[in-house]
Amino acid sequence: MLSGKGRRGIGYDTRGCYDCDQAMNYWLLKTEPGCFSMDDLKNRPDMTEHWDGVRNYQARNFLRDQVKVGDGALFYHSNIPEPAVVGIAEVVRAGYPDFTALDPGSEHFDPKASPLNPLWYMVDVRYVEKMPSPVTLEKIRNNPLLSGMPLVKRSRLSVQPVTAEEWRIIRAMGGLESR
DNA sequence: GCCAACGTTGGC
DNA sequence: GCCAACGTTGGC
């Protein structure tokens, strides 16, 4: 599972009990705010949107196999002057085929995908709350307790697992109540 | 805009 | 199955 091999020492398979049906899991979802931002999510009907367009196999595997309804997500803005976790979303639909891969008109179209072999997967997420103060990448890097995060290890992975401890710490750093 | 990291592709 | 070339991500 998980593309085997434990590439480059990032042991995703040791970062939590992702196979436990009962366990609440946490994730970090990256997006370029110029493309889709936390405010965009808030402004959607039901404050809900498909998390589509993921075209990386490792990220795809998380979406397809492990992200569950009720899981928490750190909403991360990338590729801007001050990249940061800006808020919290929750998963409201688990992995299902990403139809944008089948749509020739979509910028995420993938000719290798087909209805019988959808290839790419997405989940649906709903806006929960913004961080009173965004937790910048710089702050995350400067916190030794967060040094295990793929984000800090310069992984470009756009869907990443977050441990319960990291979740708690980042929420607190952003000024959210512990929960 | 630069460029390091790193994922993907394709020739062999 | 190796690996060079190439493309993309994303911090800076």
Side-chain angles (χ1 to χ4, degrees), chain A residues 1-16 18 26-41 49-67 72-89 91 95 97-114 116-123 125 127 130-131 133-163 166-167 169-171 173-174:
Chain A
M1 63 176 283
L2 296 180
S3 76
K5 317 260 163 62
R7 294 178 58 78
R8 306 193 197 284
I10 300 177
Y12 295 109
D13 50 340
T14 67
R15 287 177 59 75
Y18 304 118
Y26 304 102
W27 307 94
L28 181 145
L29 302 175
K30 285 188 199 174
T31 177
E32 299 190 20
C35 179
F36 185 74
S37 70
M38 187 95 205
D39 281 334
D40 291 333
L41 180 60
E49 185 53 283
H50 314 301
W51 203 263
D52 62 6
V54 172
R55 296 293 179 269
N56 167 283
Y57 287 103
Q58 197 170 11
R60 186 279 310 267
N61 292 346
F62 286 131
L63 293 178
R64 185 189 59 191
D65 304 332
Q66 300 187 32
V67 179
L74 299 173
F75 200 104
Y76 180 83
H77 281 173
S78 69
N79 222 350
I80 50 172
E82 200 158 67
V85 173
V86 294
I88 304 292
V91 177
D98 180 346
F99 54 76
T100 66
L102 304 174
D103 174 9
S106 168
E107 61 175 322
H108 299 304
F109 176 65
D110 184 343
K112 288 183 304 224
S114 71
L116 282 178
N117 178 25
L119 195 58
W120 302 112
Y121 284 75
M122 61 185 176
V123 299
V125 296
Y127 174 95
K130 279 189 194 177
M131 295 289 187
S133 56
V135 183
T136 62
L137 179 59
E138 185 186 15
K139 287 182 194 160
I140 291 172
R141 281 193 190 288
N142 288 338
N143 188 331
L145 296 174
L146 301 177
S147 62
M149 297 184 72
L151 189 69
V152 170
K153 295 178 172 177
R154 253 189 275 114
S155 166
R156 297 178 308 175
L157 201 57
S158 61
V159 177
Q160 311 185 355
V162 171
T163 67
E166 290 159 353
W167 172 264
I169 292 169
I170 290 176
R171 282 182 59 93
M173 288 169 76

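All values below come from the heavy atoms of this structure, side chains included, with hydrogens, waters and symmetry mates left out. Quick note on labels: first sequence line is chain A, next is B, and so on, each numbered from 1.
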Subject >> Protein-nucleotide distance (A/I140, atom CD1; C/dC12, atom C1'), rounded to Å >> reply: 16 Å
Original post:
Is there a donor-acceptor contact under 3.5 Å from the side chain of A/R64 to the main chain of A/W120?
Top reply: no
**OP:** Kindly check if the number of other-residue, nucleotide or ligand heavy atoms within 6.0 Å of CD (A/E138) is above 12?
**Re:** no
**OP:** Measure from the side-chain N and O atoms of A/R60 to the backbone N and O of A/V54, and report whether any donor-acceptor pair falls under 3.5 Å.
**Re:** no
Original post:
So, A/R55 and A/T100: side-chain donor and acceptor under 3.5 Å apart, yes or no?
Top reply: yes
Subject >> Nucleotide B/dT8, atom P - distance to CG of A/L119 in whole Å >> reply: 11 Å
Using a cut-off of under 3.5 Å, enumerate the N/O to N/O pairs linking the protein to nucleotides 9-11 of chain B.
from	atom 1	to	atom 2	distance (Å)
B/dT9	OP1	A/K112	NZ	3.0

**OP:** Could you state the atom-to-atom distance from CD of A/E32 to P of C/dC12 in whole Å?
**Re:** 15 Å
Original post:
Side chains of A/N117 and A/S114: donor-acceptor distance under 3.5 Å anywhere?
Top reply: no
Original post:
Relative to each other, are the rings of A/F36 and A/W51 parallel, tilted or perpendicular (30° and 60° limits)?
Top reply: perpendicular
Subject >> For atom NZ of A/K30 and atom C1' of B/dA5, their distance in whole Å >> reply: 11 Å
Subject >> 5′-ward residue of the pair A/R156/A/N79 relative to DNA chain B >> reply: A/N79
**OP:** Using a heavy-atom cut-off of under 4.0 Å over every strand shown, decide if A/R141 touches base, sugar-phosphate, or nothing.
**Re:** sugar-phosphate
